[in-house]
Amino acid sequence: MEQKFLHWLENGVVLGDGAMGTMLYERGIYINRNFDQLNLTEPHLIKAIHRDYIAAGAEVIETNTFGANAYKLGKYGLAEDAFKIAKAGAEIARRVADESSQVLVAGSMGPLGKPVAPVGTIHHEEALGAFKTQAQALLEGGVDLFILETFIDLAEITIAVQAVREVSDLPLVAMMTIDLTDLTAYGRSPEQVAAELDALPVEVIGL
């Protein structure tokens, strides 16, 4: 299936889904709750959103695991459940995608929620361990590719790429975020971002 994604990219536009959090909010799940934990507590909601996106034409759906790492989950006392939550998110998306032979599953991974060294206090090995746990869970849950998204720190996304590559050779999408100044939060330009991401072992880069 991973070769299907790369083949699609070589031959045209691949249509992904949209935001998960926005759709959950519309269904009455408010921001004071942890959206990733819903993979365990209310999987029917996650399945319904995946199915809606597929019905709208999505060829790739992302797992509900953007914040399923020990640091973000730790704010809710769920750090120890990081692997279980991430794997459940992948399994949910896999089951829905398998209802159609033309839909792929992308394992969604976002920033840790706290800055890594040298800007912050999370050391390289700690960040690497958190990302590896998430990536391994997504892999075991059945994803076809990985998406690292809305990162603002090149150092952090580089660690995330390393973590994914230590557990998998599936296609990897790496995306950074810039703000209204046309720079990242740490002052890096799109040109700098593109050059650094292009040097990493990833198949797709983006903003």
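Just so it is clear, the structure is predicted and the values come from calculations on it, not from any experiment.
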> State, to 0.1 Å, how close Val143 and Ala106 come at their nearest heavy-atom pair, and which atoms those are.
CG1-C, 4.4 Å
> Which residue pairs pass the salt bridge (charged side-chain N to carboxylate O under 4.0 Å, His left out) test with at least one member in residues 178-201, sequence neighbours excluded?
Arg188-Glu196
> Indicate the atoms forming the closest heavy-atom contact of Ala160 with Phe131, along with that distance.
CA-CD1, 3.7 Å
> Who are the side-chain contact (heavy atoms from CB on, under 4.5 Å) partners of Glu140, not counting sequence neighbours?
Phe83, Lys87, Gln136
> Side chain of Asp144, backbone of Leu104: donor and acceptor closer than 3.5 Å?
no
> When clusters are formed by joining ILVMFWY residues with side-chain heavy atoms under 4.5 Å apart, either directly or through shared neighbours, do Ile159 and Ile205 land in the same one?
yes
> Is Leu78 linked to Phe35 within one hydrophobic cluster, defined over Ile, Leu, Val, Met, Phe, Trp and Tyr using a side-chain heavy-atom separation of less than 4.5 Å?
no
> Counting N and O atoms only, with roles assigned by atom type, does the side chain of Ser168 sit under 3.5 Å from a partner on the main chain of Val164, one being a donor and the other an acceptor?
no
> Does the side chain of Val173 reach to within under 4.5 Å of the side chain of Leu148, using non-hydrogen atoms?
no
> Drop me the distance from Leu128's CG to Thr133's OG1, to the nearest 0.5 angstrom.
9.5 Å
> Output all residues satisfying side-chain contact (heavy atoms from CB on, under 4.5 Å) with Leu15, sequence neighbours left out; order by chain, then residue number.
Glu59
> How far does CD1 of Ile46 sit from CD1 of Ile61, to the nearest 0.5 angstrom?
11.0 Å
> Quick one: closest heavy-atom pair of Val167 and Ala135, and the distance?
CG2-CB, 3.7 Å
> Any heavy-atom pair between the side chains of Pro201 and Val161 that's under 4.5 Å?
yes
> Could you tell me which residues satisfy side-chain contact (heavy atoms from CB on, under 4.5 Å) with Arg27, sequence neighbours excluded, listed by chain and number?
Met23, Leu45, Ile49, Asp52
> Is any side-chain heavy atom of Leu9 closer than 4.5 Å to a side-chain heavy atom of Phe5?
yes
> Which heavy atom of Leu40 sits nearest to which heavy atom of Ala88, and what is that distance?
CD2-CB, 3.7 Å
> Does atom CD (Glu80) have a neighbourhood of more than 12 heavy atoms from anything else shown, all under 6.0 Å?
no
> Can you tell me which residue among His50, Arg51, Lys47 is in a side-chain hydrogen bond (donor to acceptor under 3.5 Å, both in side chains) with Glu99?
Arg51
> So, for Ala174 and Leu197, which heavy atoms are closest and what is the spacing to 0.1 Å?
O-CD1, 3.7 Å
> For Gln162 and His124, which I'm curious about, is there any donor-acceptor pair between the side chains at under 3.5 Å?
yes
> Would you kindly confirm whether Leu154 and Leu172 end up in one hydrophobic cluster when ILVMFWY residues are joined by side chain heavy atoms under 4.5 Å apart?
yes
> Going through the checks in order, is the side-chain contact (heavy atoms from CB on, under 4.5 Å) test met by Lys72 and Leu112?
CA-CA 6 Å; Lys72 279 194 172 178; Leu112 297 177; 5.8 Å; no
> Check whether Leu145 and Phe66 end up in the same hydrophobic cluster, where Ile, Leu, Val, Met, Phe, Trp and Tyr are linked by side-chain heavy atoms less than 4.5 Å apart.
no
> Enumerate the residue pairs fulfilling salt bridge (charged side-chain N to carboxylate O under 4.0 Å, His left out) with a member in residues 112-135, sequence neighbours excluded, ordered by first and then second residue.
Lys132-Glu166
> Tell me whether the count of non-hydrogen atoms from other residues, nucleotides or ligands lying under 6.0 Å of OH in Tyr76 goes above 12.
yes
> Is the shortest side-chain heavy-atom distance between Asn39 and Glu91 below 4.5 Å?
no
> Return the CD1 to CD distance between Ile54 and Gln102, rounded to the nearest 0.5 Å.
11.5 Å
> Donor-acceptor pair, Thr65 side chain versus Ala68 backbone, under 3.5 Å?
no
> Between Asp169 and Arg165, does at least one N-O distance fall below 4.0 Å, as a salt bridge requires?
no
> Is the closest side-chain heavy-atom distance between Thr177 and Leu207 below 4.5 Å?
no
> For Val60, does its backbone N or O pair with a side-chain atom of Tyr53 as donor and acceptor, under 3.5 Å?
no
> Ignoring hydrogens and angles, tell me if any N or O in the side chain of Asp36 forms a donor-acceptor pair with the backbone of Gly67 under 3.5 Å.
yes
> Counting only N and O atoms by type, is there a donor-acceptor contact under 3.5 Å from the side chain of Asn34 to the main-chain atoms of Gln37?
yes
> Sub-3.5 Å donor-acceptor pair from the side chain of Ser108 to the main-chain atoms of Asn64, do we have one?
no
> For a quick test of reading the model, state the closest non-hydrogen atom pair linking Met109 to Phe151 and the distance between them.
O-CE1, 3.5 Å
> Quick one: which residue pairs count as a salt bridge (charged side-chain N to carboxylate O under 4.0 Å, His left out) with a foot in residues 149-160, not counting sequence neighbours?
none
> Are Phe146 and Ile85 linked, directly or through other ILVMFWY residues, by side chains that come within less than 4.5 angstrom of each other?
no
> Below 4.0 angstrom, N of the basic side chain to O of the carboxylate: do Arg95 and Asp98 qualify?
no
> So, do Leu139 and Leu170 sit near enough that their side-chain heavy atoms are less than 4.5 Å apart?
yes
